[in-house]
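Only this structure's heavy atoms are used, side chains among them; waters, hydrogens and symmetry mates stay out.
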Amino acid sequence: MLALMFAAAASAQAEVRTFDIVYKGLYSVDDHVFQPDKTLEVKLTVKDLDGNGSYTENEVKALKASHIDYTGTCTVVHCLEYFNWTPGSLPNYSAVYHNYDGFYNELTIVNPGVEYREFVQSNWGFRYDLTWHWTADTQTTITPTSPVPEPSGYAMLLAGLAAIGAAAWRRGGQHST
């Protein structure tokens, strides 16, 4: 019975973890000034599939920043170009949002340590292009959020409780005969 419980624990899937990342203080290329209150908020969800404590592109389940809403696979609109991160260091990635709806051409690029860019251009000549660069004064805060257990975690908990209950029932039955 104990061997069965260890086998179930060993086959458990990696835990999904979510982090809030805030980059604060970016240099405005357009205004030629450091903006200490300029922030970019990112929500990152990862799953350490190989159990090595680091995350790569195929282990990113979701990344949301500005218009970017990457959900595990690149689409025509949202894409994660590369990703590498070991907790305790800064995430290294490039994420892109690009959309043209027939009237507006929109582009968002987030490449931490390098640049954050918002670009919009309409068919009628309206255009804005805002770019911020990271500096030595840019602060990064990474906060883990409360994990939400996966259904497999609940199933494993129930299996463990059932195994303990069955073992207790068997022992109780042996003493009464």
Side-chain angles (χ1 to χ4, degrees), residues 13-152:
Q13 294 182 352
E15 177 184 11
V16 173
R17 300 194 63 199
T18 301
F19 299 87
D20 288 331
I21 304 172
V22 177
Y23 303 101
K24 184 175 182 185
L26 299 168
Y27 177 82
S28 171
V29 173
D30 308 294
D31 296 332
H32 306 288
V33 65
F34 180 76
Q35 298 175 335
D37 294 327
K38 176 64 180 171
T39 60
L40 173 64
E41 297 179 5
V42 177
K43 183 167 281 294
L44 172 68
T45 303
V46 291
K47 186 173 186 176
D48 190 7
L49 298 173
D50 57 12
N52 67 355
S54 295
Y55 303 101
T56 58
E57 183 180 330
N58 68 323
E59 295 172 308
V60 175
K61 298 299 173 195
L63 187 144
K64 296 178 192 262
S66 184
H67 294 96
I68 299 167
D69 190 6
Y70 174 79
T71 56
T73 56
C74 283
T75 65
V76 174
V77 178
H78 307 276
C79 193
L80 185 63
E81 296 179 331
Y82 61 85
F83 186 93
N84 289 295
W85 180 45
T86 300
S89 66
L90 296 178
N92 179 25
Y93 63 92
S94 179
V96 177
Y97 163 83
H98 185 233
N99 187 39
Y100 178 69
D101 65 3
F103 300 103
Y104 290 98
N105 186 22
E106 297 176 274
L107 174 70
T108 300
I109 299 171
V110 175
N111 187 350
V114 181
E115 79 173 350
Y116 163 43
R117 182 175 184 199
E118 295 279 350
F119 172 83
V120 174
Q121 183 172 349
S122 74
N123 290 345
W124 308 283
F126 170 78
R127 171 189 170 120
Y128 78 79
D129 187 357
L130 302 174
T131 303
W132 296 271
H133 285 174
W134 268 248
T135 72
D137 293 326
T138 302
Q139 300 171 1
T140 304
T141 305
I142 302 172
T143 307
T145 60
S146 300
V148 177
E150 292 186 20
S152 62

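Under the 30°/60° scheme for interplanar angles, the aromatic rings of His67 and Tyr97 are found to lie parallel.
Residues Asn111 and Trp134 form no side-chain contact, since every pair of their non-hydrogen atoms from C-beta on lies 4.5 Å or further apart. Here the side chains of Pro91 and Ile142 are in contact, with some heavy-atom distance below 4.5 Å. Between Leu26 and Gln35, the closest side-chain pair of non-hydrogen atoms is not below 4.5 Å. Val96 is not listed as a side-chain neighbour of Tyr70, based on a closest heavy-atom distance of 4.5 Å or more. Taking 4.5 Å as the limit, some side-chain heavy atom of Val46 sits within range of a side-chain heavy atom of Phe19.
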task: Start with the C-alpha distance between Tyr128 and Asp30, add both sets of side-chain angles, then the distance that settles side-chain contact (heavy atoms from CB on, under 4.5 Å), and finish with yes or no.
output: CA-CA 10 Å; Tyr128 78 79; Asp30 308 294; over 6 Å; no
- prompt: Can you list the steps and then say if Asp20 with Glu41 is a side-chain contact (heavy atoms from CB on, under 4.5 Å)?
  reply: CA-CA 7 Å; Asp20 288 331; Glu41 297 179 5; over 6 Å; no
query: Do Trp132 and Thr138 pass the side-chain contact (heavy atoms from CB on, under 4.5 Å) test, and can you show the C-alpha distance, the side-chain angles, and the key distance before you say yes or no?
result: CA-CA 11 Å; Trp132 296 271; Thr138 302; over 6 Å; no
message: Run Asn123 and Tyr100 through side-chain contact (heavy atoms from CB on, under 4.5 Å) and show every step you take.
response: CA-CA 10 Å; Asn123 290 345; Tyr100 178 69; 3.2 Å; yes
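Checking side-chain atoms of Asp31 against main-chain N and O of Val33 turns up no donor-acceptor pair under 3.5 Å. Put simply, the side chain of His78 gets close to the backbone of Asp69: a donor and an acceptor are under 3.5 Å apart. For the pair Tyr55 (side chain) and Glu57 (backbone), a donor-acceptor distance under 3.5 Å is absent.
Scanning both residues, Gly53 and Pro87, for their nearest heavy atoms gives O-CD, 3.1 Å. Pairing each heavy atom of Thr86 with each of Ser89, the nearest pair is O-OG, 2.6 Å. Nearest heavy atom pair, residue Ser54 against residue Asp48, reads O-OD1, 3.3 Å. Residues Val110 and Ala65 come closest through the heavy atom pair CG2-CB, 4.3 Å. Between Tyr104 and Val120, the shortest heavy-atom contact is CD2-CG1, 3.8 Å. Scanning all heavy atoms of the two residues, the minimum distance from Tyr23 to Pro112 falls at OH-CG, 3.4 Å.
In this structure, OH in Tyr93 is found 5.5 Å from CG in Leu63, a value given to the nearest 0.5 Å. Atoms CG and CD1, from Leu80 and Ile68 in turn, are 9.0 Å apart once rounded to the nearest 0.5 Å. The distance from the OH atom of Tyr27 to the NZ atom of Lys38 is 15.5 Å, given to the nearest 0.5 Å. To the nearest 0.5 Å, the span separating CD1 on Ile21 from OG1 on Thr141 amounts to 10.0 Å. Between Thr145 atom OG1 and Lys43 atom NZ the span is 5.0 Å, to the nearest 0.5 Å. Atom NZ of residue Lys24 and atom CG of residue Asp137 lie 12.5 Å apart, to the nearest 0.5 angstrom.
Sorted by first and then second residue, the salt bridge (charged side-chain N to carboxylate O under 4.0 Å, His left out) pairs with a member in residues 105-124 read Arg117-Asp129; sequence neighbours excluded.
With a 6.0 Å radius and a threshold of 12 heavy atoms from other residues, nucleotides or ligands, Glu81 has its CD atom above the threshold.
The closest side-chain donor-acceptor pair between His98 and Asn105 falls under 3.5 angstrom.
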